[in-house]
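For reference, the structure discussed in these notes is given below.
The basis for the numbers below is simple: all heavy atoms, side chains too, and nothing from hydrogens, waters or symmetry mates. Numbers here are sequence positions counted from 1. Just so you know, ligand 1 is whichever comes first in the structure, and atom 1 is the first atom listed for that ligand.
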Amino acid sequence: MKESHPRPRSFSLHEKACEHLVGGVNSPVRAFKSVHGSPVYFAQAKGACVTDEDGNEYVDYIQSWGPMIHGHAPENVLDAIRETMEKGTSFGAPHVGEIEMALRIKARFPNIDKVRFVSSGTEAVMSAVRLARGVTGRDGILKFEGCYHGHVDSLLAKAGSGIATLGIAGSPGIPQGTVGDTVILQLNDEEMLEHAFSMHGKTLACVIIEPLPANNGLLPQRPEFLQRIRDLCDEHQVLLIFDEVITGFRFQQGGVSSVLDIQPDITTLGKAIGGGLPVGAYGARDEIMSQLAPEGPVYQAGTLSGNPIAMAAGSAAIDLLDNSCYDKLEALGIHLEDSINQILSKHDFPFNLVRVGSMFWMSPPSDDLIRSAADIPSDSGSRYADLHYGLLDRGHMLAPSAYEIGFLSTAHTRENIDDLCSALDSTLIEMEAKT
Ligand SMILES: *Cc1c(COP(=O)(O)O)cnc(C)c1O
């Protein structure tokens, strides 16, 4: 096996890692389990490309699962990191970098008066939910199946049987009591939404949603659906949390909220705001944020929160994001969509391309745009592994899971996309020959 493996060094490193790290990894999706293989060990990454431990080069469409909007290791972010680290790597005290970074977030999210920095998206969401509960004095949470909000206990909940039911634990180790206040609904269903509000509206602290769900395929929502959520939240004094950890800073003026002009009460951010370092953030209007310690009673803290190097990297990454970046990402996105659709139309093969801005998903075929997890055909992952390895062996790194999306960065080029499309063509020809 080892000799015949296309990436022998990655393969043996993974075997070794498995002796010391659970499944060889520190985050499950990295293990390549859903494509029935073993992970590629990255040695280095620059721009749109990564090099693995066997010396293979790939054009990377994972981009660290979203953070690397400028591609890997952009020079101005590296400069900011070098310059800052010379002055100390962690203070545990306030510093100018936190103000600088907060200003950059506020400039793009008009309904954020105050920001709190944390170290991951999970932490941002967990804290935002606590804040919502503290502000409203209620415990209920409403979330949607197919949205991912990090590994927060109360949000790792599955729908029980029946309609608009309370959640059941989505993982061993989560007490029923922790998810018992979580209501789970399908996306894109106003009728269920109204029903859930009529049953639970008075006890809900918050509704949390990815306004563009991007963690279980890419499931664009109708603006009317999001607006209905906003209206129902207002009617029932429920806070609306937009989890923009993946979408924040990916669109023209900030996040999906700015594109749709539907404003949440609390916004959670992460991924792209950190320039590749661990940063999460949440923010809201003053009257909500003032309930947070030290101004208010809702407790939340962090030893490494607002870390100087992370703040500097984040600010440097945001400073690079002028309008020309978004124009470039959209132009690349259009080129990707047109080119891939052209290849797909040549083949009788079960994929559709769904794209919004710099995010894309090789979706199972469907006559209508898939907007809810319930509408994803259940066997849709079965042929994805062949597609994934066909592209990987040709030098194109897509996510090792049928339900994870791809990312374009400003470092990608039209030539990268043209190469991807010819690799896709050859891969589909190869797959068709096998069936
Ligand atoms: C990635 C993600 C999270 C979790 O962020 P981590 O930094 O991985 O903890 C939460 N919400 C959304 C929408 C995400 O995409």
Using 4.0 Å as the upper bound for N to carboxylate O, is an ion pair formed by K158 and E145? no
Would you check if R30 and P39 make a side-chain contact, meaning some heavy-atom pair closer than 4.5 Å? no
To which protein heavy atom is atom 5 (O) of ligand 1 closest, and what is the distance rounded to 0.1 Å? G121 CA, 3.2 Å
Of all the atoms in ligand 1, which lie at a distance below 4.0 Å from a heavy atom belonging to Y148? 11 (N), 12 (C), 13 (C)
Numbering as shown, the atoms of ligand 1 that approach H149 to under 4.0 Å (heavy-atom distance): 10 (C), 11 (N)
Ligand 1 and K271, any nitrogen or oxygen pair closer than 3.5 angstrom? yes
Below 30° counts as parallel, above 60° as perpendicular, anything between as tilted: where do the rings of F360 and Y61 land? perpendicular
Between D265 and R230, does any side-chain N to carboxylate O distance fall below 4.0 Å? yes
Here the atoms of ligand 1 under 4.0 Å from any heavy atom belonging to N215 are 12 (C), 13 (C), 14 (C), 15 (O)
I need the single residue from K114, R116, Q300 that forms a side chain to side chain donor-acceptor pair (under 3.5 Å) with Y282. Which is it? Q300
Suppose I only count heavy atoms of T122 and a 4.0 Å limit; which atoms of ligand 1 are within that range? 4 (C), 5 (O), 6 (P), 9 (O)
Is there a salt bridge (charged side-chain N to carboxylate O under 4.0 Å, His left out) between R104 and D319? Walk through the geometry before answering. CA-CA 8 Å; R104 283 164 174 77; D319 285 347; 2.7 Å; yes
Just checking, any donor-acceptor pair under 3.5 angstrom between side chains of H412 and S409? yes
Give the atoms of ligand 1, by number and element, whose distance to some non-hydrogen atom of E210 is under 4.0 Å. 13 (C)
Is there a polar contact between ligand 1 and D243, counting only N or O atoms under 3.5 Å apart? yes
Proximal atoms of ligand 1 relative to S120 (non-hydrogen, under 4.0 Å): 7 (O), 9 (O)
